[in-house]
Every structure is written in C-alpha cells, then in structure tokens.
**Student:** 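Here it is, the structure in full.
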Amino acid sequence: PFTALVALAIKLESKGPLIYSQERVGQNGKLFYAHKFRSMVTDAEKLSGPVWAEENDPRITKVGRFIRKVRLDEIPQMYNALKGEMSFVGPRPERPLFVQQLTAELPFYNERHKVKPGITGWAQVCYPYGSTVAAALEKLNYDLYYIKHTSLSMDMMIILQTIKIIL
C-alpha cells in the first residue's frame, strides 16, 4: 500500500526515475541489479563517481531521507527476492567496486557472499549507515555472525527488529 504513496512523493519532489537500479554482488559473487526507490537526486554520482552514502549526505532528497529512515526505499527489492537473487534476510549486497576494495582490506570479506544477500539483515538492524572501511568491518562482523548462526528463529528476530525500525 505504501508503494503508490512513495512513488507519488518521489515524483512530486524531483525529476527522474522512480526506481533506481544498481549493480550489486550477490551469492557466490554473481552480479545482479538491485532495485530501490530513488532516494537521491538524479545522477548523484555523476561528478564524484561511486562513493558511499553518508548519514547526512546532501545528495539525498527530503523524501529520500524519510523513505531511507523507515526503509521504504527497499520495497522494490521484493522483486529481486522473487527472482531468487536476494533473500528477505541476509548480508546487504554491495557494489562491485566496493567489494573489490573491501576484499583487499578486510580479511574474510568474501565469506559474506556464501549466502544470498538480503533486503534486511543482522548488520542493518544492529549498526547504522556506515561510510568507512571501519564501519564496513563492523558490519562484516555482524554478517559473519549471521552466516554462522543462520536459523529460522534468527531470521524471524531480524524481521521483527526491522518492523520495529520501520514503525
């Protein structure tokens, strides 16, 4: 039900597409396009090239800030889950350039690709947005913990925590 409202809000605030598709690294290193509601200005990385989003990133629109906070920007990834590219719960998929960088800097980073990436995950409910290698290391620790302790009960706990964050 929120999809139409989110789409309308995005269109009223700024020009550009509703859905933003970006190449990500999935299970076993397979590349796919993750879909999200656009939360940034169009061509946000045109001048800078690929960069991590920061907490108060000026490229994020007002609507984008809200839909990111309540995770509504993730709704289009349900399509990725239906296609089998993603799960509902798992490590968040990262962009190939950052995977290459983080694999070189962080031991065991590639271990997170042994499972399907998720729309939500243990790192997302336990750790805020991060835009540094140190933050990526913290999230990696949560991801590796999740992979080692994957269970239906843990997935249900993560889903409940995600709902709590949304509400």
Side-chain angles (χ1 to χ4, degrees), residues 2-7 9-11 13-14 16-46 48-55 57 59-61 63-103 106 109-133 135-136 138-140 142-144 146-147 150 155 158-159 161-163 165-166:
F2 296 112
T3 303
L5 293 174
V6 171
I10 291 169
K11 273 300 184 188
E13 182 183 28
S14 61
L18 291 173
I19 305 293
Y20 182 69
S21 299
Q22 191 174 62
E23 192 173 45
R24 299 292 176 113
V25 178
Q27 187 175 23
N28 300 319
K30 184 178 178 187
L31 299 178
F32 72 100
Y33 280 90
H35 309 292
K36 297 175 94 171
F37 278 120
R38 183 175 55 82
S39 61
M40 292 189 175
V41 296
T42 303
D43 294 328
E45 294 181 331
K46 188 174 185 177
S48 66
V51 292
W52 277 318
E54 297 179 12
E55 190 172 338
D57 198 313
R59 302 170 300 161
I60 301 172
T61 64
V63 169
R65 196 163 313 285
F66 174 76
I67 65 174
R68 279 174 171 235
K69 184 176 182 176
V70 296
R71 311 288 167 92
L72 293 175
D73 61 322
E74 311 285 352
I75 291 173
Q77 289 180 5
M78 297 289 186
Y79 178 69
N80 292 110
L82 290 172
K83 286 177 58 180
E85 298 165 328
M86 293 179 71
S87 295
F88 286 104
V89 180
R92 293 292 298 143
E94 190 52 83
R95 296 164 70 178
L97 178 72
F98 298 137
V99 167
Q100 184 179 20
Q101 175 190 353
L102 294 170
T103 299
L106 302 176
Y109 188 81
N110 265 335
E111 293 297 309
R112 60 195 307 281
H113 298 118
K114 289 187 174 183
V115 298
K116 282 186 184 178
I119 297 170
T120 188
W122 188 230
Q124 283 62 48
V125 299
C126 293
Y127 197 83
Y129 276 109
S131 57
T132 64
V133 173
E138 283 299 315
K139 287 189 169 197
L140 176 62
Y142 286 107
D143 289 338
L144 294 176
Y146 170 78
I147 292 166
T150 298
D155 283 0
I158 292 168
I159 290 169
Q161 288 287 350
T162 302
I163 292 168
I165 290 168
I166 291 169

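Values reported hereafter were calculated over all heavy atoms of this structure, with side chains retained and with hydrogens, waters and symmetry mates removed.
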**Student:** Does the side chain of Q124 reach to within under 4.5 Å of the side chain of I165, using non-hydrogen atoms?
**Tutor:**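 They are not in side-chain contact.
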**Student:** How many angstroms lie between CD in Q101 and CG in L106, if you round to the nearest 0.5 Å?
**Tutor:**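 Interatomic distance, Q101 CD to L106 CG, rounded to 0.5 Å: 8.5 Å.
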**Student:** What distance separates W122 CH2 from I147 CD1, expressed to the nearest 0.5 Å?
**Tutor:** 14.0 Å
**Student:** Do you know which two heavy atoms are closest between T42 and P17, and how far apart they sit?
**Tutor:**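 Result for this residue pair: OG1-CD, 4.2 Å.
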**Student:** Find the distance between CG (L31) and CZ (R24) and round it off to the nearest 0.5 Å.
**Tutor:**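 So the gap between those two atoms works out to 12.0 Å.
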**Student:** Can you list the residues that meet the side chain to side chain donor-acceptor pair (under 3.5 Å) rule with E138, with sequence neighbours excluded?
**Tutor:**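 Expected list: none.
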**Student:** Going by the angle between their ring planes, with limits at 30° and 60°, are Y142 and Y127 parallel, tilted or perpendicular?
**Tutor:**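 Geometry flag for Y127 against Y142: tilted rings.
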**Student:** Scan residues 114-127 for pairs that pass salt bridge (charged side-chain N to carboxylate O under 4.0 Å, His left out), counting only residues two or more places apart or in two chains.
**Tutor:**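 Salt bridge (charged side-chain N to carboxylate O under 4.0 Å, His left out) check on residues 114-127 returns E111-K114.
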**Student:** When rounded to the nearest 0.5 angstrom, what is the spacing between OG1 in T3 and CG in L18?
**Tutor:** 10.5 Å
**Student:** Taking the side chain as every heavy atom from C-beta outward, state whether I159 and T162 have any atom pair closer than 4.5 Å.
**Tutor:** no
**Student:** Under 3.5 Å, which donor-acceptor pairs do the side chains of residues 85-99 form with other protein atoms, sequence neighbours left out?
**Tutor:**
| residue | atom | partner | partner atom | Å |
| --- | --- | --- | --- | --- |
| E85 | OE1 | N80 | ND2 | 2.7 |
| E85 | OE2 | K83 | NZ | 3.3 |
| R92 | NH1 | Q77 | OE1 | 3.0 |
| R92 | NH1 | G118 | O | 2.7 |
| R92 | NH1 | I119 | O | 3.2 |
| R92 | NH2 | E74 | OE1 | 3.1 |
| R95 | NH1 | E45 | OE1 | 3.4 |
| R95 | NH1 | E45 | OE2 | 2.8 |
| R95 | NH2 | E45 | OE1 | 2.7 |

**Student:** Which atom names give the shortest non-hydrogen contact between D143 and A123, and what distance separates them?
**Tutor:** OD1-CB, 3.5 Å
**Student:** Taking salt bridge (charged side-chain N to carboxylate O under 4.0 Å, His left out) as the definition, give me every residue that meets it alongside D73, ordered by chain and number, with sequence neighbours left out.
**Tutor:** K36
**Student:** Which heavy atom in S14 sits nearest to a heavy atom in T61, and how many Å separate them?
**Tutor:**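 Of all heavy-atom pairs spanning S14 and T61, the closest is OG-CG2, 4.3 Å.
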**Student:** Going from CG on N110 to OG1 on T103, what distance comes out if it is rounded to the nearest 0.5 angstrom?
**Tutor:**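 Atom-to-atom, N110:CG and T103:OG1 are 4.0 Å apart.
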**Student:** Output all residues satisfying side chain to side chain contact (heavy atoms under 4.5 Å, CB included) with I19, sequence neighbours left out; order by chain, then residue number.
**Tutor:**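 I19 satisfies side chain to side chain contact (heavy atoms under 4.5 Å, CB included) with S21, H35, F37, P76 only.
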**Student:** CD of Q22: more than 12 outside heavy atoms within 6.0 angstrom?
**Tutor:**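 Count over threshold, so yes.
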**Student:** Quick check against the 3.5 Å criterion: does N28 have a side-chain atom that pairs as donor or acceptor with the backbone of K30?
**Tutor:** no
**Student:** Using salt bridge (charged side-chain N to carboxylate O under 4.0 Å, His left out) as the criterion, list what pairs up with R38, not counting sequence neighbours.
**Tutor:** none
**Student:** For residues L140 and L102, determine if any side-chain heavy atom of one lies less than 4.5 Å from a side-chain heavy atom of the other.
**Tutor:** no
**Student:** Looking at K11 and G16, would you say the former's side chain and the latter's main chain have a donor-acceptor pair under 3.5 Å?
**Tutor:**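 Checking the backbone N and O of G16 against the side chain of K11, a donor-acceptor pair under 3.5 Å is found.
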